[in-house]
Structures are given as C-alpha cells and as structure tokens.
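Okay, so here's the structure we're looking at.
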Amino acid sequence: MQYEAILAPLDGFADSWRDFVAGGGKGGNVTVPFKEQAYQLAEVLSARAQQAGAVNTLYLNAQGQLCGDNTDGLGLVADLTRLGISLAGCTVLLLGAGGASRGVIGPLLDAGVTYLVVANRTVSKAQAIAANFDSRVQACSLQAIPKQTYRLLINATSSGLAGERPDIDIKHLNGCQLAYDMVYGAEPTAFMQWAKQHGVPQQADGLGMLLSQAAAAFNIWRGVTPDIEPVLAMLKLQLKA
Ligand code: ATR
C-alpha cells in the first residue's frame, strides 16, 4: 500500500482524482479546500457525508463506484473519548461555523450530547448550520452565548492558525472540563493557553482528532483500525523538533 500527498490545482480536483484512479489509485483522503468538491464528485455518499455536506474519504466499491464518506466527526468523538470525556448527557459550546464545525455536530449528537450551542462571529453562518438539526442545537453570536454550564468547549474556528482565539467571555469557562482546539501545533494554541489560565482542568489540541479521522479512514479501506497512540507520540516529537 502506498499513501502519498497529491497537490491538486485549485481548479483541477476532479481531473486529479481521475488521473489518480487511472494510475491504479483505490482510495484517498481529501483535505481543504476540496472536501465539498469531493462530495459533489462521489456517486455514493454515506449518511455521515450527507450530514456533513463534505467528504474527506474516497474509495471505490466492488462495483467500481466512487464512494464518499466523512470521518472527521468520528475522529473528534474518538479523540474526546480517548481524553476521558463522557459525551452522554454532555453540554457543548462549539465555536465557529465553517466546514470544521458542520461535520462534527451529527457525530457529537449521535454520541449522546444533549445540548450544543454553535457560536460564531458571523451569526448567520451558525444559524444556517443549526437549521439542519433539531432543538438540541442552538445558534448565537460570540457575544450572545446562552448562560449555562458547558462541560466541553470546542474551538472549531481557524483563529488558532493566526495565533488568535475567539473573543468570548471567560464566564463561559465556568464548569468546563475540557477546552479542545481543532487546530494543532508545536505549542498549545492561544485558546488552550487562555483556558488553562482561567482554570479549565484539561486542554487538548486537534492532533488526536487528525490521527483518529485517519485511523477511521484506514478502517474503511482496509477493515482494521490502527492504534493512534504510538503515532501520536511520534508526531508530537516531530512537531517539537
Ligand atoms: P473551516 O472549514 O476550517 O471551518 P472556514 O470555513 O474558513 O474554515 O471557517 C473558519 C471559521 O473560523 C469561521 O467560523 C470564522 O468565523 P466567520 O464565519 O465569522 O468568518 C472563524 N474565525 C476565523 N478567525 C476567527 C477569529 N479571529 N475569531 C473568531 N472566529 C474566527
């Protein structure tokens, strides 16, 4: 098995995929900015991909049809479980309303989350996402987050890439067990550092989610789920080097 990165041109995702299959390719992961185009290209979509509106895993089935799945949400749920968070009955504050946010809400609800607030700088984007779900999911701006205890805070904004964090009041950290940032890097993100300073017991970045979504994709292709722990330890060392 060979697994390598292919840099597709911005206007040539479908052609790149076709070339890959013509060269013997059987399956692949898709990342930004092509997850929506992969969704369009797939002939068969999993329920998870339909709910996310995006595909991160492609494969050819026995009939040669192109199938699209999405393992991002599974990856997050697996990583939260690894970190000791019990999602049954959990209340969640999810910051951000881009592709990263949309893909994880369904799997979080399926894992037992009872109440989830999507808060975004641009409130209309949060409202558009919440409209796809039932009343367990509420939308608001970063300034109008409902006052209530959120056991889990997830930063799904891209603010960490610029060394920033979403501008929310510290009162929303009261009672929070874990502050999770989907972004990762060599150092704790600004969001993680802020949560730590204000007494949140646990902080984590998105490296475990990245590995868990990859492990779930590997399972789709090969029927076995690799253990992420040794890979996580290796990658952490590499990031620090
Ligand atoms: P992705 O697919 O990775 O989620 P995206 O679709 O570009 O990327 O979405 C980025 C998200 O990060 C958006 O929710 C964005 O907020 P807006 O919708 O208001 O643009 C959010 N974001 C980026 N930088 C931010 C910052 N500094 N503070 C708060 N939110 C930020």
Side-chain angles (χ1 to χ4, degrees), residues 7-8 10 13 29-41 48-58 68-77 79-80 92-108 116-133 137-146 150 152-173 176 179-185 187-195 197-198 203-214 217:
L7 185 65
L10 277 177
F13 172 72
N29 283 128
V30 181
T31 190
V32 277
F34 296 124
K35 291 183 187 180
E36 286 79 15
Q37 287 186 48
Y39 176 87
Q40 299 297 337
L41 194 66
R48 295 188 297 236
Q50 281 177 30
Q51 203 171 41
V55 158
N56 80 334
T57 305
L58 286 168
D69 204 337
N70 192 314
T71 63
D72 286 334
L74 283 185
L76 176 65
V77 167
D79 203 35
L80 293 170
V92 178
L93 175 56
L94 180 63
L95 305 169
S101 180
R102 178 170 171 180
V104 300
I105 297 177
L108 285 171
L116 184 148
V117 172
V118 193
N120 196 43
R121 201 169 52 178
T122 313
V123 68
S124 56
K125 282 164 74 178
Q127 287 163 340
I129 289 184
N132 296 307
F133 298 94
V137 180
Q138 302 290 323
C140 63
S141 69
L142 295 178
Q143 286 73 41
I145 297 170
Y150 300 98
L152 175 61
L153 242 74
I154 302 173
N155 183 17
T157 75
S158 50
S159 58
L161 297 174
E164 294 170 1
R165 62 165 179 86
D167 187 18
I168 63 164
D169 197 286
I170 53 167
K171 68 178 178 226
H172 303 302
L173 296 178
C176 174
Y180 192 97
D181 200 330
M182 287 195 196
V183 164
Y184 63 88
E187 301 302 327
T189 65
F191 175 73
M192 290 165 67
Q193 291 180 33
W194 173 73
Q197 271 163 19
H198 293 97
Q203 309 88 35
D205 71 14
L207 192 59
M209 175 181 173
L210 174 79
L211 287 178
S212 296
Q213 63 79 29

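Order of appearance sets the numbers: ligands from 1, and atoms from 1 within every ligand. Please read these numbers as outputs of a predicted model, since none were measured by experiment. For this chain, numbers begin at 1 and follow the sequence in order.
- Remark: N155 pairs with T157, D181 by the side chain to side chain donor-acceptor pair (under 3.5 Å) rule, at least two apart or across chains.
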Pairs under 3.5 angstrom only: tabulate donor-acceptor contacts from the side chains of residues 161-173 to other protein residues two or more places apart or in another chain.
residue: D169; atom: OD1; partner: K171; partner atom: N; Å: 2.9

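- With 3.5 Å as the limit, one finds no donor-acceptor pair spanning the side chains of Y180 and D205.
- One side chain, Q213 or N56, offers a donor N or O that lies under 3.5 Å from an acceptor on the other.
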Under a 3.5 Å threshold, I'd like every N/O contact between ligand 1 and protein atoms, with atom names and distance.
residue: ligand 1; atom: 2 (O); partner: G99; partner atom: N; Å: 3.0
residue: ligand 1; atom: 4 (O); partner: G99; partner atom: N; Å: 3.2
residue: ligand 1; atom: 4 (O); partner: A100; partner atom: N; Å: 3.2
residue: ligand 1; atom: 12 (O); partner: S158; partner atom: N; Å: 3.1
residue: ligand 1; atom: 14 (O); partner: A97; partner atom: N; Å: 2.9
residue: ligand 1; atom: 14 (O); partner: N120; partner atom: OD1; Å: 2.7
residue: ligand 1; atom: 16 (O); partner: N120; partner atom: OD1; Å: 3.3
residue: ligand 1; atom: 18 (O); partner: N120; partner atom: ND2; Å: 2.8
residue: ligand 1; atom: 18 (O); partner: K125; partner atom: NZ; Å: 2.7
residue: ligand 1; atom: 19 (O); partner: R121; partner atom: NE; Å: 3.1
residue: ligand 1; atom: 19 (O); partner: T122; partner atom: N; Å: 3.1
residue: ligand 1; atom: 19 (O); partner: T122; partner atom: OG1; Å: 2.5
residue: ligand 1; atom: 20 (O); partner: R121; partner atom: NH2; Å: 2.9
residue: ligand 1; atom: 27 (N); partner: E164; partner atom: OE1; Å: 3.1

Sequence neighbours left out, cut at 3.5 Å: what donor-acceptor pairs do the side chains of residues 116-130 make with other protein atoms?
residue: N120; atom: OD1; partner: A97; partner atom: N; Å: 3.3
residue: N120; atom: ND2; partner: T122; partner atom: O; Å: 3.0

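- In this structure, D72 does not pair ionically with R48, as no charged nitrogen and carboxylate oxygen lie closer than 4.0 Å.
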